Every structure is written in C-alpha cells, then in structure tokens.
Amino acid sequence: FNVSEINCVIETTDAMKEVLNRDVPRVPTLRGVTIASIFYEASTRTRAAFDLAARALGADIINLTAKNSSAEKGESLLDTARTIKAVGANIIIVRHPLAGAPYLIADQVKCNVINAGDGAHAHPTQALIDLYTLQSSIGNLSGKKVLIVGDILHSRVARSNIWGLSIMGAKITVCAPGTLLPSGLRGEQGKEKPQKSLPHIEIETDLDSAIEGADAIIALRIQKERQKSNLLPSLREYIKLHQINNERLKRASPNAVVMHPGPLNEGVEIAPEIVSGERSMIDQQVANGVAVRMAILYLLLK
Ligand code: CP
C-alpha cells in the first residue's frame, strides 16, 4: 500500500466506526456476498473481528479451521481454497503457519484473498489496525518515533508494521535481545545498511536507550511456540531487561502510548499496571479491528 491507499483504509474505517456506533450496527452493503475464512493457526482477535465485520456488512460468512475442514483428511491448501471458491465464496481470508500461503492461493485461485497472518512474514490487517489506532491517539505519524520491542525474529506484526509505519513517515526503532533480531534487519556483515528492500530502521538491544523520547511503543509477544531453540536464558531475564514498565515509560515522550497486538504473555512483555492503565491502547486495537476489517472487505468488493 502507498500513503493514499493507507489513508483510504483509515477514512473508510472512520465511516465503518460510525456504522458500529448505531443502535443496530448493521448495513446491507455486502448482502449476497459470501466470505470464507480458513485458519490453519489459532486466533481469537483476527477471526472474531473478520466474522463480526462480515456480518455487520450483511455478508454471509463460513468459518473453517484446519481441524474442522478436510485438511484433516489430507486435502491440500489449494484444493481447500478451490473448493471454497466453487461453493461461492467471493473472498477467502487465510491464516497459515507458512509464509506465502495466502499469496499462493491468490496466484492459483481466481478469488479475492486476504492475508490474516502467514508465518513470520506478514499480518497486514494488524498493521492497518495499529496505524489507525496510532493515528487516532497520537495524530499524524510523520516524524513520530515508534518503538517496536519484543520477539522481532518471529513477528509478522513487526514486519508489516515496519512497512506501514515507514510509508506513513514514522521513525522506527526496533529493540530485542540479539537472539530475537533477524539477521536481515541488521544487514550483511561488513555492510552498514540493512537489506536494500527493507525501510530504514534503528536497531537497539538496550531498551532503556531505545525507549528514549518514543511517542508510541508496540510491544510484541515472545512466541515460545515458534522458537526452535532456547533463544532466551529465561523469561525472568527478559522481563528485567525488556519489559515495558513504569520506570522505563518515564523515558518515553510524556504522552507516549503503549500497544500490543495480542495475545500477550501476561506479566512478561508489559507490566500489568501499564496494560490496564490509561496509556494502554490494547483494548482500542482490538475494538478497531472490527472497523478496519469492515473497511478492507468493503474496499475489496466495492
Ligand atoms: N493479533 C492477532 O493476530 O491476534 P489473534 O492471533 O488472536 O488473531
């Protein structure tokens, strides 16, 4: 997406929020449209938000998971997608543990495909939610310092946010223990800049320095399920060095907001008093998830 496409999603999201604030939060805009979601990985927020978004726009929605579909019997990803298309789906929403799965479907099956998270590669709708939530709370993102801290190595949210934030002109710093920073971010040995294809970002391992003057902090979950080897000595050490707590937050801008795409490891990435405090945007992110997904469904079909 370019700036005007992101702004278009943001403006459409505002209109969708207006719909959601009505006494009966429903419009017939997508009546007659069938949307199918296939989740090969667990999800609470994304799946619930797409489901509510589809219903709020008057569409029919079929929700499949790897466990309740014929994938259990060995049906391939493409066969499942072709079957869903054949029964009449106009949009297929896919979450998959392997990077590229939604793009394979988009390439092979003539249907609108939405990536609901593919491996450690991308989670575009989450990034759009984060951009919307940030813009609603701290205003225009141009020149704002946004710190992304946590398990960058395994995070599709970090990658999509790096693209989105950089397009909107934010100054991005990522911070993690060295073992949770992908080598591609740091650039090849002997070269000063990271890979040419990535936007410019600052990379830090010391959170106390990284958080200095930040306007927003996006904390990311330690993804124990994706870690193939022990990348952290202990969670206790991670908490000591990389948890967002009140002491550290004092170093950020006085109005800095704290976000987390969820699910969070309670008491790990963010201190509990901050999660429930006034700087936390976590509930707003979840709530905005419905309106942003309504905007995306609407823009794809209309
Ligand atoms: N943020 C996010 O993608 O959460 P879920 O895994 O619960 O969908």
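Counting starts at 1 for both ligands and their atoms, in listed order. Small disclaimer: the values here were computed from a predicted structure and weren't measured.
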Can you confirm whether the side chains of His123 and Arg95 place a donor and an acceptor under 3.5 Å from each other? yes
If we ignore angles and hydrogens, is there a donor and acceptor under 3.5 Å between the side chains of Asn7 and Glu11? no
Side chains of Thr125 and Arg293 only: does a donor on one sit below 3.5 Å from an acceptor on the other? yes
With a cut-off of 4.0 Å, which atoms of ligand 1 are near a heavy atom of Thr44? 5 (P), 7 (O), 8 (O)
4.5 Å side-chain heavy-atom contact, His200 and Ser166: no
Atom 3 (O) of ligand 1: of Arg47, His123, Gln126, Glu41, the nearest heavy atom sits on His123
Should Glu204 and Lys145 count as an ion pair when the cut-off is N to O under 4.0 Å? no
Gly262 heavy atoms within 4.0 Å reach ligand 1 at atoms 1 (N), 2 (C), 4 (O)
Just to be sure I'm reading this right: ignoring hydrogens, which of Ser43, Pro261, Gly289 gets closest to atom 1 (N) of ligand 1? Compare them by their nearest heavy atoms. Pro261
Atom CD of residue position Glu273 - does it have more than 12 heavy atoms of other residues, nucleotides or ligands inside 6.0 Å? yes
What protein heavy atom sits nearest atom 7 (O) of ligand 1, and how far off is it? Arg45 NH1, 2.6 Å
Below 4.0 Å from any atom of ligand 1, is there a heavy atom belonging to Arg95? yes
Would you say Gly117 touches ligand 1, if touching means a heavy atom closer than 4.0 Å? no
